[in-house]
Structure formats: structure tokens, C-alpha cells
Amino acid sequence: QVQLVESGGGLVQPGGSLRLSCAASGSIFGMYDGAWYRQVPGKQRELVAGVGAGGSTQYADSVKGRFMISRDDAKTTVYLRMDNLKSEDTAMYYCKAHLGSWDYWGQGTQVTVSS
């Protein structure tokens, strides 16, 4: 199967920035939709940002203007640039690749926003 490896999470102060990376085996994001989700204990996993194979993007209302999803030229990696982070952004962040009936998930990377 396709493997997704996430990195870039960590501890950051409110107002700070982080860049999450999702590296895939092969150039799958040239064909697959890519997305970032997040989840906190006791809540449903929610879509944060998505990028289509054609380059279109979408964002959750809570992160619009602060987060940006992007893809490298080789289409092997999807990124999530997070600026002006808030405490409510604290969550486990997961990368997802989707094509038809195929879904692949990364292992998750923890983002903690705290003073």
C-alpha cells in the first residue's frame, strides 16, 4: 500500500507557526486528493484542509486565513503551513490521500499550542 509519513508537529507558543509535512511513497499526490485532518480526545476527526489533484484547495472555517495546504513539484509531499496558531488548534493532525475507493492515512503528528 501507499505509505504516508508525517512530520513537523511539536510544541509552539500561541501566535507561532509550524509546517507539517506528509511524505508519500511515489508521486501519488499527482493523482490523489490530499488532505489534513485533526482530532482531539472525545471529538470527531475533522477536515482541516484539502487539495485536489488539480490543485484546488479547501479549508475549514476555523483555519481560513491562517493555514495553507500545498504540494511539492514532484507531488510526493503535501504540506500544511500553520500560522497564528491558537490553543484550540491543539490536536493530533493526520494526513490523508484519497483516490476513488482508496484511502490512506498517516500515523499522525501531535501539535500542541501552549505558553
Side-chain angles (χ1 to χ4, degrees):
Q1 290 191 50
V2 172
Q3 291 185 324
L4 305 179
V5 180
E6 297 164 328
S7 62
L11 175 64
V12 65
Q13 294 182 353
S17 298
L18 285 174
R19 188 196 194 198
L20 306 184
S21 299
C22 177
S25 56
S27 302
I28 65 165
F29 291 116
M31 298 180 291
Y32 287 70
D33 298 331
W36 288 93
Y37 289 73
R38 67 186 181 189
Q39 188 171 27
V40 298
K43 296 186 67 176
Q44 296 285 100
R45 189 172 297 184
E46 65 172 344
L47 175 66
V48 176
V51 58
S56 62
T57 59
Q58 60 179 306
Y59 299 91
D61 288 341
S62 59
V63 307
K64 286 181 179 177
R66 300 190 297 119
F67 291 10
M68 185 180 73
I69 189 169
S70 61
R71 184 173 52 206
D72 69 354
D73 290 339
K75 299 181 173 59
T76 58
T77 307
V78 170
Y79 304 94
L80 184 68
R81 175 71 182 187
M82 304 184 294
D83 293 321
N84 192 24
L85 283 161
K86 304 176 180 180
S87 60
E88 52 262 43
D89 295 317
T90 296
M92 185 73 73
Y93 284 72
Y94 298 90
C95 179
K96 179 185 177 181
H98 171 79
L99 178 63
S101 62
W102 299 347
D103 287 327
Y104 302 96
W105 291 90
Q107 81 285 356
T109 184
Q110 178 68 38
V111 172
T112 302
V113 185
S114 176
S115 299

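Between Val113 and Lys86, every side-chain heavy-atom pair lies at or beyond the 4.5 Å cut-off. A 4.5 Å side-chain heavy-atom check between Leu85 and Phe67 finds at least one atom pair inside the cut-off. You'll find the side chain of Ser17 stays beyond 4.5 Å of the side chain of Val12, heavy atoms only. Side-chain contact between Glu46 and Arg38 is present, with at least one heavy-atom pair separated by less than 4.5 Å. Using a 4.5 Å cut-off on side-chain heavy atoms (C-beta onward), Met82 and Val111 make contact. Tyr104 is not listed as a side-chain neighbour of Leu99, based on a closest heavy-atom distance of 4.5 Å or more. Trp36 has its side chain within reach of Val78: a pair of non-hydrogen atoms, C-beta onward, lies under 4.5 Å apart. Looking only at side-chain heavy atoms (C-beta outward), Pro14 and Ser115 come within less than 4.5 Å of each other.
Cluster membership check: Leu80 shares its hydrophobic cluster with Leu18, using side-chain heavy-atom separations under 4.5 Å among Ile, Leu, Val, Met, Phe, Trp and Tyr. At a threshold of 4.5 Å between side-chain heavy atoms, the hydrophobic network of Ile, Leu, Val, Met, Phe, Trp and Tyr places Tyr79 and Tyr59 in two separate groups.
The shortest non-hydrogen separation linking Phe29 to Gly34 is CE2-CA, 3.8 Å. The minimum heavy-atom distance between Arg66 and Asn84, with the atom names listed, is NH1-O, 3.0 Å. Counting all heavy atoms, side chain and backbone alike, Ala91 lies closest to Val40 at CB-CG1, 3.6 Å. In terms of heavy atoms, Val63 sits closest to Val48 at CG2-O, 3.6 Å. Across all their heavy atoms, Asp72 and Lys75 have their closest contact at OD1-N, 2.7 Å.
Within a 6.0 Å radius of CD in Gln44, other residues, nucleotides and ligands contribute 12 heavy atoms or fewer. Around atom CD of Gln39, more than 12 heavy atoms belonging to other residues, nucleotides or ligands sit under 6.0 Å away.
Judged by distance alone, the side chain of Arg71 and the main-chain N or O of Val51 form no donor-acceptor pair under 3.5 Å.
Interatomic distance, Met92 CE to Thr112 OG1, rounded to the nearest 0.5 Å: 8.5 Å. Within the model, atoms OG1 of Thr77 and CG of Leu20 stand 12.5 Å from one another, a figure rounded to the nearest 0.5 Å.
Taking the six-membered ring where the residue is Trp, Tyr94 and Trp105 present perpendicular rings, their angle passing 60° and hence far from 30°.
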*Take Trp102 and Val2 through the test side chain to side chain contact (heavy atoms under 4.5 Å, CB included) and record every step on the way to the result.*
CA-CA 10 Å; Trp102 299 347; Val2 172; over 6 Å; no
_Could you go through Leu4 and Ile28, starting from their C-alpha distance and side-chain angles, then the distance that decides it, and tell me whether this counts as side chain to side chain contact (heavy atoms under 4.5 Å, CB included)?_
CA-CA 10 Å; Leu4 305 179; Ile28 65 165; 3.9 Å; yes
*asked:* Does Gln110 form a side chain to side chain contact (heavy atoms under 4.5 Å, CB included) with Leu11? I'd like the steps, not just the answer.
replied: CA-CA 8 Å; Gln110 178 68 38; Leu11 175 64; over 6 Å; no
